[in-house]
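Before any comments, here is the structure.
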Amino acid sequence: MSANLELTPQAHEKTDILVAGAGSTGLAAALAFAKSDLQIKLVGRVPPPLPGRTVALFEASIRFLDALGALERVTAIGCPIEAIRMIDDTDQLLPVPPLTLSAREIDLPALGVNISNDDLVSILHDLVTKHPNIEFIDADILDYEFGASSAVAFLNDRRRIEADFLIAADGRNSRARAVAGVDLKEWTYPQIALTAMVSHEFAHANMSTEYHTRSGPFTLVPLPARPNKPHRSSLVWLMTTEDARRRLAAPREELEFEIEDFAKSEFGVMRLESDIGQFRMGGMQVSQHGKGRLALVGETCHVFPPIGAQGLNLSLRDVADLEDCLASVDLKNETELARALTRYDRHRHADIGFRTSGVDILNRSLIIPY
């Protein structure tokens with residue numbers, strides 16, 4: 001495709017780093033590398049609203065967002081998570097006793113903070129557009145060319161951007177990953193996740209509650225109060241595809257009763273206050289996290305079920321690890337860059353592989369009858 005594009009001279013641009021993808025991971029990557037006075041071009045479309053989707057951010061992510069200058073705004077509109085409670089609801093012969101992990105046990109004010117995904121993207125996007133070292137380009141990348149000395153992106157607005165280095169944060173269907181020839185392994189689970197924001201009668205006490213059922217976790221994560229809605233939570237509910245189809249077709253009031261029932265009426269009357277989101281459960285890993293003049297971050301290189309709040313927390317660790325590996329590296333020096341990406345790939349394989357195995361074992365242990 002790229003060889004046939006007719007470009008005007010004004011359409012050819014250069015930059016130190018090109019970030020592909022304008023979701024939360026891509027926005028965070030642009031902000032992280034702009035701190036070192038590199039010139040960054042961020043190309044992508046800000047994602048549309050995601051019904052009922054929130055992100056629970058924990059210690060490493062909180063430190064990372066603080067370094068980006070985003071933490072104060074995140075905590076101002078998010079809800080602290082002061083404890084996590086896990087309840088065995090599998091009806092097995094020897095049930096596991098409930099387990100509560102409290103921030104007070106490790107002398108922290110909170111374990112993390114829960115914030116709407118849309119709010120987090122909005123905060124990061126605002127910081128990106130105001131940063132003097134970042135140019136945000138609201139466009140799509142049609143194709144790439146990777147060479148020994150640069151990476152080139154061809155945009156749908158007929159621009160051609162040449163960069164010393166490319167960070168791909170363009171999601172699980174990444175075009176950059178495909179053009180670079182990075183192999184991947186994908187798998188699916190027989191589950192659908194429904195997401196929503198709910199208000200309820202009784203307080204959550206800033207505690208995240210996970211009911212481990214035979215169809216997967218049913219999780220309520222605390223949200224901040226709103227006028228006339230003092231008690232609110234985000235819901236992530238894993239279930240079979242048949243149950244998801246039935247529940248999505250059910251009257252709203254009937255679904256609210258079922259949510260209350262799954263929560264053992266601990267939170268009283270439940271009311272849905274958002275649209276219901278849904279996505280198929282699956283996983284993904286890649287063979288390489290860095291290649292040539294390309295690094296993969298976020299869902300470009302890993303996909304998780306929404307268990308244990310791994311998704312965005314791991315994506316932000318990708319960015320932080322890449323930033324650390326590339327510190328003081330001359331991006332034009334192929335040898336230095338290759339060494340840095342080898343180190344990045346080794347770190348990410350270990351971290352992502354360990355967490356992938358843990359989440360996979362936990363999820364399969366719930367849905368396998370014995």
Side-chain angles (χ1 to χ4, degrees), residues 21 23-26 28-29 47 50 52-58 60-61 86 90 117 168-178 180-195 210-219 221 234-244 277-291 294-322 344-369:
S24 50
T25 305
L50 294 173
R53 294 285 291 275
T54 66
V55 288
L57 301 163
F58 293 103
S61 296
M86 290 170 278
T90 57
N117 183 81
D170 50 344
R172 64 191 305 170
N173 297 316
S174 170
R175 176 63 181 164
R177 185 190 63 222
V182 176
D183 295 328
L184 67 150
K185 178 177 70 173
E186 294 184 279
W187 61 94
T188 59
Y189 299 100
Q191 296 159 294
I192 298 289
L194 299 189
T195 59
E210 301 177 10
Y211 300 88
H212 291 184
T213 78
R214 277 297 177 206
S215 61
F218 171 97
T219 306
V221 189
S234 59
L235 169 68
V236 182
W237 189 2
L238 272 66
M239 62 192 71
T240 66
T241 53
E242 294 79 9
D243 282 342
Q278 60 170 311
F279 53 101
R280 183 66 185 260
M281 289 297 88
M284 183 191 78
Q285 285 181 290
V286 295
S287 59
Q288 294 172 270
H289 300 86
K291 182 178 182 180
L294 169 72
L296 309 179
V297 295
E299 290 198 350
T300 303
C301 57
H302 51 72
V303 172
F304 282 89
I307 297 173
Q310 290 298 317
L312 183 60
N313 287 283
L314 193 59
S315 297
L316 296 182
R317 276 206 304 280
D318 294 340
V319 177
D321 200 355
L322 182 62
Y344 174 68
D345 186 56
R346 184 171 63 249
H347 291 179
R348 300 324 298 147
H349 265 302
D351 190 14
I352 294 167
F354 172 75
R355 295 172 194 282
T356 297
S357 298
V359 168
D360 184 68
I361 290 169
L362 173 59
N363 193 40
R364 292 185 190 278
S365 72
L366 291 174
I367 62 178
I368 294 174

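Model, not experiment: these values are computed from the prediction.
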Review point. Can you tell me if S215 uses its side chain to pair, donor with acceptor, with the backbone of L238 under 3.5 Å?
Key: yes

Distance in Å, [X] [atom1] paired with [Y] [atom2], rounded so as to fall on 0.5 Å steps:
X    : Y    : atom1 : atom2 : answer
M281 : T240 : CE    : OG1   : 13.0 Å
M284 : T188 : CE    : OG1   : 14.0 Å
T195 : R53  : OG1   : CZ    : 6.0 Å

Practice item. Kindly indicate, with the supporting measurements, whether the criterion side-chain contact (heavy atoms from CB on, under 4.5 Å) is fulfilled by T213 and T90. Key: CA-CA 5 Å; T213 78; T90 57; 5.8 Å; no

What residues form a salt bridge (charged side-chain N to carboxylate O under 4.0 Å, His left out) with [X], not counting sequence neighbours?
X    : answer
R177 : none
D170 : none
D321 : R348

Review point. Just by distance, with hydrogens left out, do S174 and T300 show a side-chain donor and acceptor under 3.5 Å apart?
Key: no

**Study point:** Side-chain donor-acceptor contact under 3.5 Å, D318 with H289
**Key:**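 Per modelled atom types, D318 and H289 side chains form no pair under 3.5 Å.
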
Within a strict 4.5 Å, meaning less than it, do heavy atoms of the [X] and [Y] side chains meet?
X    : Y    : answer
T54  : N117 : no
H347 : D345 : no
L296 : V286 : yes
Y344 : H349 : no

Review point. If every non-hydrogen atom of S315 is compared with every non-hydrogen atom of H302, which pair is closest and at what distance?
Key: OG-CE1, 3.4 Å

Check your understanding: Of the non-hydrogen atoms in I352 and C301, which two are nearest, and what is the gap between them?
Key ->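 Here I352 and C301 meet closest at CD1-SG, 4.5 Å.
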
**Study point:** H212/M86 under side-chain contact (heavy atoms from CB on, under 4.5 Å): CA gap, chis, key distance, verdict
**Key:** CA-CA 7 Å; H212 291 184; M86 290 170 278; 4.2 Å; yes

Practice item. Go through the steps to decide whether Q191 and T241 satisfy the test side-chain contact (heavy atoms from CB on, under 4.5 Å), and finish with yes or no. Key: CA-CA 6 Å; Q191 296 159 294; T241 53; over 6 Å; no

Check your understanding: Hey, mind stepping through T25 and L312 against side-chain contact (heavy atoms from CB on, under 4.5 Å) and telling me if it holds?
Key -> CA-CA 8 Å; T25 305; L312 183 60; 3.8 Å; yes

Side chain to side chain contact (heavy atoms under 4.5 Å, CB included) with [X]: which residues, sequence neighbours excluded?
X    : value
A29  : V19, I167, V319
S61  : L57, N313, L316
A180 : F146, V182, L294

Point to revise | Charged tip of R280 within 45° of Y189 ring normal and under 6.0 Å | key: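 No - R280 does not lie over the ring of Y189 by the 6.0 Å and 45° rule.
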
**Study point:** Partner set under ring pair (Phe, Tyr, Trp, His ring centres under 6.0 Å) for F218, not counting sequence neighbours
**Key:**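 Scan of F218 (ring pair (Phe, Tyr, Trp, His ring centres under 6.0 Å), adjacent residues dropped) gives Y211, W237, F262.
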
